Engineer: 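I'd like to ask you about the structure that follows.
Since the structure is predicted, the reported quantities are computational estimates derived from the model, not experimental observations.
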Amino acid sequence: MLVFETLTKHFGANTAVDSVSFSVDQPMMIGIIGASGAGKSTLLRMMNRLTDATSGRLTFEGQDVLSLRGAAMRAWQSQCAMIFQQFNLIPRMDVVSNVLHGTLNRRSTLATLFNLYPTADIHCAIDILERLGIAEHAAKRAEALSGGQQQRVAIARALVMDPAVMLFDEPTSALDPELVGEVLEAMRLLAESGMTMVVVTHEMGFAREVGTLNVFIDEGNIVETGGAEIYSEATQDRTRAFIEAIL
């Protein structure tokens with residue numbers, strides 16, 4: 001599905017991501033772990049085309065993602081949905097409208113002007129909110145929700161676009177500790193449903209439990225990859241030192 005070939009990003013003299021190569025050949029949860037500043041978020045931003053790669057290739061089902069421009073690139077960004085640390089909701093808008101807001105550019109100018117959502121779209125949004133355990137808040141303003149609830153609304157907003165891949169950039173880092181669990185549970189359900197997910201996270205227990213493939217990055221380089229065994233049987237000294245410091 002996804003193939004990374006020597007993907008590299010330079011910011012001036014600094015190399016944020018250095019010749020990253022790996023492939024994903026089936027739906028899975030890929031956990032990207034490593035210290036702050038290791039290049040994890042830059043890797044996600046290159047995937048979503050929020051940041052242009054300096055060199056290398058990234059293909060999805062044979063399509064060269066890095067060559068996309070204009071409408072084709074925007075279509076890819078819908079198919080490769082990204083969930084950020086911050087929720088980026090519209091505070092005074094109700095939950096359903098927040099979920100469906102990204103669909104406006106797929107509808108007519110008149111519908112956009114009056115902010116009218118088809119009944120089928122509303123039902124779809126409610127169904128997704130139900131899956132994420134927050135359907136009872138559908139009519140509330142986003143600003144009335146807790147941080148964990150708002151992050152789940154952000155996930156629902158991505159899911160309503162029916163993405164092929166979902167990217168999560170430390171989605172729980174802005175939450176109070178007691179709210180982290182509900183977001184991780186929503187992500188766990190997505191993984192179990194067969195969604196392909198690339199998750200940058202410091203929640204090592206979650207990555208160990210759910211991650212099909214775990215990728216440890218240090219100073220822009222892939223140091224080690226593996227399944228759950230990477231957390232107990234890492235072969236590289238740098239990987240072991242990082243995991244022992246966190247777990």
Side-chain angles (χ1 to χ4, degrees), residues 1-9 16-53 56-66 68 73 75-86 88 151-152 154-159 161-173 183-184 186-218 220-228 230-231:
M1 295 180 66
L2 279 167
V3 180
F4 299 75
E5 298 180 57
T6 62
L7 203 60
T8 300
K9 178 62 180 179
V17 175
D18 190 4
S19 299
V20 163
S21 297
F22 67 95
S23 62
V24 178
D25 60 5
Q26 60 183 344
M28 60 174 59
M29 199 288 261
I30 301 96
I32 308 293
I33 61 174
S36 297
K40 307 183 301 297
S41 294
T42 300
L43 182 62
L44 287 195
R45 294 178 69 86
M46 285 192 290
M47 289 181 64
N48 190 254
R49 295 298 310 280
L50 293 174
T51 296
D52 286 329
R57 281 172 53 83
L58 172 63
T59 59
F60 175 74
E61 296 184 344
Q63 180 183 49
D64 182 1
V65 170
L66 301 185
L68 299 176
M73 183 176 74
W76 165 248
Q77 289 174 327
S78 294
Q79 283 297 291
C80 184
M82 192 158 178
I83 308 298
F84 298 91
Q85 297 176 21
Q86 301 299 328
N88 299 319
Q151 189 62 291
R152 283 184 284 167
I155 294 171
R157 180 181 56 194
L159 284 172
M161 304 299 288
D162 193 24
V165 182
M166 293 187 71
L167 312 179
F168 293 81
D169 188 9
E170 298 187 20
T172 61
S173 64
V183 174
L184 294 182
M187 294 169 63
R188 183 179 290 104
L189 292 174
L190 285 179
E192 291 173 354
S193 74
M195 173 65 69
T196 294
M197 303 160 60
V198 184
V199 181
V200 168
T201 184
H202 290 297
E203 299 291 338
M204 305 290 284
F206 173 78
R208 177 172 56 186
E209 177 187 351
V210 181
T212 316
L213 174 68
N214 294 279
V215 180
F216 173 57
I217 296 181
D218 188 50
N221 297 280
I222 291 183
V223 176
E224 191 163 358
T225 63
I230 196 176
Y231 295 95

Engineer: Do side-chain atoms of Glu224 reach the backbone of Asn214 as a donor and acceptor pair under 3.5 angstrom?
Structural biologist: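 No; zero donor-acceptor contacts below 3.5 Å.
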Engineer: Just so I know, are the side chains of Leu50 and Phe84 near enough to count as touching, which here means a heavy-atom distance under 4.5 Å?
Structural biologist: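 Yes; the side chains approach each other to less than 4.5 Å.
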Engineer: For residues Asp169 and Arg45, determine if any side-chain heavy atom of one lies less than 4.5 Å from a side-chain heavy atom of the other.
Structural biologist: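 Result no, sub-4.5 Å side-chain heavy-atom pair not found.
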Engineer: In Å, rounded to the nearest 0.5 Å, how long is the span from CD1 of Ile230 to OG1 of Thr225?
Structural biologist: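 If I round to the nearest 0.5 Å, the distance is 6.5 Å.
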Engineer: Looking only at non-hydrogen atoms, find the nearest pair between Trp76 and Asn48 and report the distance.
Structural biologist: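 Nearest heavy atoms, Trp76 then Asn48: NE1-CA, 4.2 Å.
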Engineer: Closest heavy-atom contact between Gly194 and Pro27?
Structural biologist: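 Here Gly194 and Pro27 meet closest at O-CB, 3.2 Å.
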Engineer: List the atom of Met187, the atom of Pro171, and the distance in Å for their closest heavy-atom pair.
Structural biologist: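 Smallest heavy-atom distance, with atoms named: SD-CG, 3.7 Å.
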Engineer: Between Val199 and Ile32, does a side-chain contact (heavy atoms from CB on, under 4.5 Å) hold up when you go through it step by step?
Structural biologist: CA-CA 6 Å; Val199 181; Ile32 308 293; over 6 Å; no
Engineer: Could you tell me the separation between the CD1 atom of Ile222 and the CZ atom of Phe4, rounded to the nearest 0.5 Å?
Structural biologist: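 Atom-to-atom, Ile222:CD1 and Phe4:CZ are 8.5 Å apart.
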Engineer: Looking only at heavy atoms, which two atoms of Ala191 and Val210 are closest? And how far apart?
Structural biologist: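 Closest pair (atom of Ala191, atom of Val210, distance): CB-CG1, 3.6 Å.
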Engineer: Is it true that a side-chain atom of Thr51 and a backbone atom of Arg49 form a donor plus acceptor pair closer than 3.5 Å?
Structural biologist: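 Flag not set: sc Thr51 to bb Arg49 has no pair under 3.5 Å.
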Engineer: Without swapping roles, check the side chain of Lys40 against the backbone of Thr201 for a donor-acceptor pair under 3.5 Å.
Structural biologist: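 The answer is no, because no donor-acceptor pair under 3.5 Å joins these two groups.
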Engineer: Quick check: does any side chain N or O of Thr212 sit under 3.5 Å from a backbone N or O of Met29, one acting as donor and the other as acceptor?
Structural biologist: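 Yes, because the side chain of Thr212 sits within donor-acceptor range (under 3.5 Å) of the backbone of Met29.
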Engineer: Kindly compute the distance separating CG (Leu2) from CD (Glu61), expressed to the nearest 0.5 Å.
Structural biologist: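 Going from CG on Leu2 over to CD on Glu61, the span is 8.5 Å.
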Engineer: For residues Ile83 and Ala154, report the shortest heavy-atom separation together with the two atoms involved.
Structural biologist: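 Heavy atoms of Ile83 and Ala154 come nearest at CD1-O, 3.6 Å.
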Engineer: Can you name the closest pair of heavy atoms from Met47 and Val198 and give their distance?
Structural biologist: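 Closest pair (atom of Met47, atom of Val198, distance): CE-CG2, 4.0 Å.
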Engineer: Nearest 0.5 Å, what's the CD-OG distance between Gln85 and Ser41?
Structural biologist: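 The CD atom of Gln85 sits 6.5 Å away from the OG atom of Ser41.
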Engineer: Do Glu203 side-chain atoms and Glu170 backbone N/O form a donor-acceptor pair below 3.5 Å?
Structural biologist: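 Flag not set: sc Glu203 to bb Glu170 has no pair under 3.5 Å.
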Engineer: Could you go through the side-chain contact (heavy atoms from CB on, under 4.5 Å) check for Val65 and Arg57 one step at a time?
Structural biologist: CA-CA 8 Å; Val65 170; Arg57 281 172 53 83; over 6 Å; no
Engineer: Are there more than 12 heavy atoms of other residues, nucleotides or ligands under 6.0 Å from atom CD of Gln86?
Structural biologist: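 Open: at most 12 neighbouring heavy atoms sit under 6.0 Å from CD of Gln86.
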Engineer: Once you round to the nearest 0.5 Å, how far does CE of Met73 lie from CG of Leu66?
Structural biologist: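 Here the interatomic distance stands at 11.0 Å.
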Engineer: Would you say Lys9's side chain and Asp52's backbone share a donor-acceptor pair under 3.5 angstrom?
Structural biologist: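 Flag set: sc Lys9 to bb Asp52 pair under 3.5 Å.
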Engineer: Looking only at the side chains, is there a donor atom on one of Thr59 and Asp64 sitting less than 3.5 Å from an acceptor on the other?
Structural biologist: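 Thr59 vs Asp64: no donor-acceptor pair found between side chains.
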Engineer: Counting only N and O atoms by type, is there a donor-acceptor contact under 3.5 Å from the side chain of Ser21 to the main-chain atoms of Thr6?
Structural biologist: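 Judged by distance alone, yes, a pair lies under 3.5 Å.
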Engineer: Could you measure the distance from the CG atom of Leu190 to the CE atom of Met197? Nearest 0.5 Å is fine.
Structural biologist: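 Leu190 CG to Met197 CE: 5.0 Å, rounded to 0.5 Å.
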Engineer: Evaluate the criterion side-chain contact (heavy atoms from CB on, under 4.5 Å) for residue pair Phe168 and Ile155; output intermediate values, then yes/no.
Structural biologist: CA-CA 9 Å; Phe168 293 81; Ile155 294 171; 4.0 Å; yes
Engineer: Can you check whether Val24 reaches Ile30 side chain to side chain, under 4.5 Å on heavy atoms?
Structural biologist: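 SC-SC contact between Val24 and Ile30 confirmed.
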Engineer: Start with the C-alpha distance between Leu43 and Met46, add both sets of side-chain angles, then the distance that settles side-chain contact (heavy atoms from CB on, under 4.5 Å), and finish with yes or no.
Structural biologist: CA-CA 5 Å; Leu43 182 62; Met46 285 192 290; 4.3 Å; yes
